[in-house]
Peer 1: 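Before we start, here is the structure in question, set down as C-alpha cells.
Numbers restart at 1 for each chain; the letters A, B, ... are given by sequence-line order, proteins then strands.
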Number of protein chains: 2
Amino acid sequence: MKTRPGTADSAGTADSAAGRAEAAARVWRGMRTLVLDLHDRRREVGEALGLSFVRAKALRSLAAGPLTMRQLAERLATDAPYTTVVVDDLQRRGLVRRGAHAGDRRLRIVTLTLAGADAAEVAERILGRPPEPVLDLDDADLAALDRIVAKLLGTGRVPDSAVVAASVRHA
Amino acid sequence: MKTRPGTADSAGTADSAAGRAEAAARVWRGMRTLVLDLHDRRREVGEALGLSFVRAKALRSLAAGPLTMRQLAERLATDAPYTTVVVDDLQRRGLVRRGAHAGDRRLRIVTLTLAGADAAEVAERILGRPPEPVLDLDDADLAALDRIVAKLLGTGRVPDSAVVAASVRHA
DNA sequence: GCTAAAGGTTATATCCGTACAAGTATCTGA
DNA sequence: TCAGATACTTGTACGGATATAACCTTTAGC
C-alpha cells in the first residue's frame, strides 16, 4: 500500500527500489517468524538436556573446540562472573573440564567431556532439524534457498571459531 | 563431505535425497544463525523502549488489535498470572488500557493507547529492519527468496490474529 | 622489582520469567 | 437454582540471567 506510482522517474529504478525495500522487509519478517515463532526448539532442548538455554549454548559453543573462559563469555554474550557460574554447573554435571593453559597460567581452558559432547550433539540435532516446510520444498527451490542463504552468511563476519581454535591450539 | 558417491542407485533419487537432507539442514542452520546470532535485535528493542522482551512482545501482539487477557497470555506463551503482571505494568506506563467486554463481563479487553501504538511501531521498525546482506541481494535473488519464504510460511498455521480479532469484534 | 593490566573467582543485589495455590466474579448447563 | 467451569487477580516461591564490586593470581611494561 502507498506505492505512490506517480513518483517513479525515467529509469524506473526508483519504483523498483521501493519494491525491493518492501520485499526485503517481508523476507526478513518471514525468516524471523519461521525461526522464532513457528519453529523455535530452544525449550525442547532445555527439556531434553535438563539444562538452561545458556548452558546448552555453552556446550554447543565448545563443540567446535576448547575455549578460554573469556572467549566463552563472549560467545554467550554474558559477563565473566556468570560464565564462571555456568561452567561450575556444567563441570559439576561432568559435561566440561577446566584445564590450564601452558603458555599463560592466568587462562583456564574449558573442554567438553565425552558426556558433554554427547549432550551438545543432542542439542545440535534438535535445533538443526529442519522444519517440515523446508523439507517439502522442491529441488529447485531448495537449491536456490541454499545458495542464497550461503550468500547472506558469506557477507557477514568470519565465524571466529577458527581464531579461537588457533589461539588455544598453540599451547 | 562423506557423500558416499558409490551408493547412488539407478534413479539417482537416493543420492539426491541425501543431498536434499543436507541442504535442508544447512539452510535451516543458516537461517537460525542469521536471525539468532548475526542480527538479533531484541536487546536493542529493550533498550530503545525501556521494556523487557515479553512486554515489548505484548505491545506488538496488541498492534494487530485488542486481545483478552487469555488471548494475550497465549500469544506470549505465559500463564495468566504473569500476563496480569505485564499488563499492570504496561497500564501503569500508559501504554495499554483495560476495557470490559460487553457480552461477557468476565473478560478484560486489552487495547493499545496511542503511546502504546507508537512504542509498538518503534519495536516493529527495529525488529523488522532487514540486515545489510538481505538489502544487498540482487533483484533476482531477492525475488526468489521472497517467493520461497512466502511458501515456507504458507505451509504453516493460520496466523490466528483473524480468529482473535473476530472473537473480540462481535462485542 | 614494581606497578598496571588482564583472567578468573567469589559474593551480592536485582530483574525477569515461570509455576503453583488460592480467591473473586461471572457464565453455563443440568 | 445450584454446581461446575471460565476469566482474571493476588500472593508466593524459585531458578535464570544481568550487573557490580572486591579479591587473587599471573603477566607485561617501565
Side-chain angles (χ1 to χ4, degrees), chain A residues 36 40 42-47 49-59 61-62 66-93 96-111 164 167-168 170-171, chain B residues 36 40 42-47 49-59 61-62 66-93 96-111 164 167-168 170-171:
Chain A
L36 293 173
D40 185 7
R42 287 174 295 180
R43 192 173 298 256
E44 191 182 338
V45 169
E47 287 169 8
L49 298 181
L51 294 174
S52 69
F53 286 0
V54 177
R55 286 160 177 75
K57 188 170 184 179
L59 293 182
S61 300
L62 293 167
L67 297 173
T68 67
M69 293 296 290
R70 180 152 296 271
Q71 290 169 332
L72 185 56
E74 269 178 28
R75 290 291 199 90
L76 302 181
T78 63
D79 54 6
Y82 190 58
T83 306
T84 296
V85 171
V86 167
V87 171
D88 279 352
D89 184 33
L90 293 177
Q91 193 171 24
R92 214 174 297 120
R93 296 168 187 259
V96 305
R97 245 192 334 264
R98 249 185 267 238
H101 186 287
D104 186 340
R105 283 183 309 194
R106 289 173 301 183
L107 302 178
R108 288 334 208 41
I109 296 187
V110 187
T111 312
V164 152
S167 99
V168 169
H170 71 54
Chain B
L36 294 173
D40 185 7
R42 286 174 295 178
R43 192 174 298 255
E44 190 182 338
V45 169
E47 288 168 8
L49 298 182
L51 293 173
S52 69
F53 285 1
V54 176
R55 286 161 178 72
K57 187 170 184 178
L59 293 182
S61 299
L62 292 168
L67 297 173
T68 67
M69 293 295 290
R70 179 150 296 271
Q71 290 168 332
L72 185 56
E74 271 178 26
R75 289 290 198 94
L76 302 181
T78 63
D79 55 4
Y82 191 57
T83 305
T84 295
V85 172
V86 168
V87 171
D88 280 352
D89 184 32
L90 293 177
Q91 193 172 25
R92 213 172 300 120
R93 295 168 188 258
V96 305
R97 246 192 334 265
R98 250 186 266 239
H101 187 287
D104 186 340
R105 283 183 308 193
R106 290 172 302 181
L107 302 178
R108 289 326 202 53
I109 296 187
V110 187
T111 312
V164 153
S167 99
V168 170
H170 71 53

Peer 1: Can you list everything that forms a side-chain hydrogen bond (donor to acceptor under 3.5 Å, both in side chains) with Asp79(B)? Sequence neighbours excluded, please.
Peer 2: none
Peer 1: Measure from CZ on Phe53(A) to P on dT18(D) and round the result to the nearest Å.
Peer 2: 12 Å
Peer 1: Want to settle it: does Arg105(B) or Val86(B) sit nearer the 5' end of DNA chain C, counting the closest nucleotide to each?
Peer 2: Val86(B)
Peer 1: If you assign each of Arg106(A) and Leu51(B) to its closest nucleotide in DNA chain C, which residue comes earlier from the 5' end?
Peer 2: Arg106(A)
Peer 1: Could you check Val45(B), Leu49(B), Val85(B) and say which one makes a side chain to side chain contact (heavy atoms under 4.5 Å, CB included) with Arg55(B)?
Peer 2: Val85(B)
Peer 1: Expressed as a whole number of angstroms, how long is the span from Arg108(B):CZ to dC27(C):P?
Peer 2: 12 Å
Peer 1: Please tell me which of Tyr82(B) and Leu76(A) maps to the more 5' nucleotide of DNA chain D, matching each residue to the nucleotide holding its nearest heavy atom.
Peer 2: Tyr82(B)
Peer 1: How far does NE2 of His101(A) sit from CZ of Arg108(A), to the nearest 0.5 angstrom?
Peer 2: 12.5 Å
Peer 1: Roughly how many Å is it from CD in Gln71(A) to P in dA6(C), rounded to a whole number?
Peer 2: 16 Å
Peer 1: At 4.0 Å (heavy atoms only), tell me whether Thr83(B) reaches a base, stays on the sugar-phosphate, or touches nothing.
Peer 2: nothing
Peer 1: Which sits closer to the 5' end of DNA chain D, Arg55(A) or Asp79(A), going by the nucleotide each is nearest to?
Peer 2: Arg55(A)
Peer 1: I need the minimum non-hydrogen distance between Ser61(B) and Leu76(B), along with the two atoms involved.
Peer 2: OG-CD2, 4.2 Å
Peer 1: Phosphate oxygens OP1/OP2 of dA7(D): is one of them under 4.0 Å from a side-chain N or O of Arg70(B)?
Peer 2: yes
Peer 1: Tell me the interatomic distance from Asp88(A), atom CG, to dA17(D), atom P, rounded to whole angstroms.
Peer 2: 15 Å
Peer 1: For dT18(D) and Arg43(B) - does any side-chain N or O of the residue sit under 4.0 Å from the phosphate oxygens OP1/OP2?
Peer 2: yes
Peer 1: Name the closest nucleotide to the Pro81(B) side chain, picking from dC20(C), dT9(C), dT18(D).
Peer 2: dC20(C)
Peer 1: Select base, sugar-phosphate, or nothing to describe what Val54(B) touches, counting heavy atoms under 4.0 Å on all strands.
Peer 2: sugar-phosphate
Peer 1: Checking all strands, does Ser52(B) fall into the base, sugar-phosphate, or nothing category for heavy-atom contacts under 4.0 angstrom?
Peer 2: sugar-phosphate
Peer 1: CG of Leu67(A) versus C1' of dG8(C): gap in Å, rounded?
Peer 2: 15 Å
Peer 1: Rounding to an integer number of Å, can you tell me how far His101(B) NE2 sits from dC8(D) P?
Peer 2: 10 Å
Peer 1: By the 4.0 Å heavy-atom rule, please label Asp104(B) as base, sugar-phosphate, or nothing.
Peer 2: sugar-phosphate
Peer 1: Once you round it to whole Å, what is the distance between C1' of dG17(C) and CG of Leu90(B)?
Peer 2: 15 Å
Peer 1: About how many Å separate NZ of Lys57(A) and OG1 of Thr78(A), when rounded to the nearest 0.5 Å?
Peer 2: 9.5 Å
Peer 1: Leu72(A) CG to dA17(D) P: how many Å, rounded?
Peer 2: 13 Å
